[in-house]
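Because the structure is a prediction, the values reported are computed rather than measured. Side chains included, hydrogens not; waters and symmetry mates left out as well; all remaining heavy atoms used. Labels below follow one simple rule: chain letters A, B, ... track the order of the sequence lines, proteins then strands, and each chain is numbered from 1.
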Amino acid sequence: MTRVSKGDPLGADFFDRPTLEVTRDLLGKNLCCRSAGQGRKIIRLRLTELEAYDGPDDKACHAHRGKTPRNAIMFGPPGYWYVYLCYGVHWLLNIVVGPEDYPAAVLIRGAGDIEGPGRLTRALGIDKSHNHLPAHKKSGLWIEENGLAVPENEITRTPRIGIDSVGQPWAKKPYRMVWHPE
DNA sequence: TAAGTGATCTCT
DNA sequence: GAGATCACTTAA
């Protein structure tokens, strides 16, 4: 993996690894968002809550029934945002991971002091205009190294939220990771 | 605890 | 085209 220093965007190859590994390593990284309004200020938030959606066999993964116009981005190269509207109300933010043609993504559920995937996107003004943007370089939305090492004992793993209907064993896999900073 | 909300997908 | 589904949030 390419070495990146504090403040640099994570390289595309950071995301080109096994889904759970990328999810684990994303905890504590900075989610960076260039606001669209006046001033174009950059907001930086540490990633605290993530969920892995891992490939065609994962029944909770949008791509488990094959490629559709919506989820096609997941079949593409890693390091790109996958943004979609949930329940007609909330934009949900994911990043595509793993090799091309392997549909996997990491859902960003919380960052900084914002908890909840729909709240996060609302707070940052993220919507479909961010879909397909690169996360591995300074676009309107990207992820930066910040030099933090998140220790295992500050990470909690739980089943993913809101996917009970997919049945076992996928509904109970501990693919949700939450960082509780000391 | 239940409703709001609308794109997306799977059938006709 | 119609109907079911849905990785959520809020107010009650």
- prompt: Is A/R157 close enough and on-axis enough to A/Y175, meaning under 6.0 Å and within 45°, for cation-pi?
  reply: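 Pair A/R157/A/Y175 does not count as cation-pi.
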query: Is the NZ or CZ atom of A/R17 both under 6.0 Å from the centre of the six-membered ring of A/F14 and within 45° of that ring's axis?
result: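 Yes.
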field: DNA chain B: 5'-most and 3'-most nucleotides touching chain A, 4.0 angstrom heavy-atom criterion
entry: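 Contact boundaries, 5' end first: B/dT5 to B/dT10.
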query: Does A/Y82 have its ring centroid less than 6.0 Å away from the ring centroid of A/H132?
result: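 No, the ring centres sit 6.0 Å or more apart.
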field: Qualifying residue, where the test is side chain to side chain contact (heavy atoms under 4.5 Å, CB included) with A/L93 and the options are A/N131, A/D127, A/L107, A/L141
entry: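 Testing A/L93 for a side chain to side chain contact (heavy atoms under 4.5 Å, CB included) against A/N131, A/D127, A/L107, A/L141 leaves exactly one candidate, A/L141.
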message: Both distances below 3.5 Å, Watson-Crick or wobble geometry, any strand: find the nucleotide opposite C/dA7.
response: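 By the stated definition (distances under 3.5 Å), nothing pairs with C/dA7.
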task: With a 3.5 angstrom cut-off on both distances, give the Watson-Crick or G-U wobble partner of B/dT5, or none if there isn't one.
output: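 Because no pair has both required distances under 3.5 Å, B/dT5 counts as unpaired.
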From [X] [atom1] over to [Y] [atom2], what is the distance, rounded to the nearest 0.5 angstrom?
X	Y	atom1	atom2	value
A/N146	A/L45	CG	CG	11.5 Å
A/R34	A/R44	CZ	CZ	9.5 Å
A/R109	A/L50	CZ	CG	10.0 Å

DNA chain C: 5'-most and 3'-most nucleotides touching chain A, 4.0 angstrom heavy-atom criterion: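 First-to-last contact on DNA chain C, by the 4.0 Å heavy-atom rule, is C/dC6 to C/dT10.
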- prompt: ring-ring contact (aromatic ring centres under 6.0 Å, His included) between A/Y53 and A/H64: does it pass, once the steps are laid out?
  reply: CA-CA 10 Å; A/Y53 288 86; A/H64 89 276; over 10 Å; no
With sugar-phosphate meaning primed atoms plus P, OP1 and OP2, does [X] contact a base, only sugar-phosphate, or nothing at under 4.0 Å between heavy atoms?
X	answer
A/R122	sugar-phosphate
A/R160	nothing
A/I163	sugar-phosphate

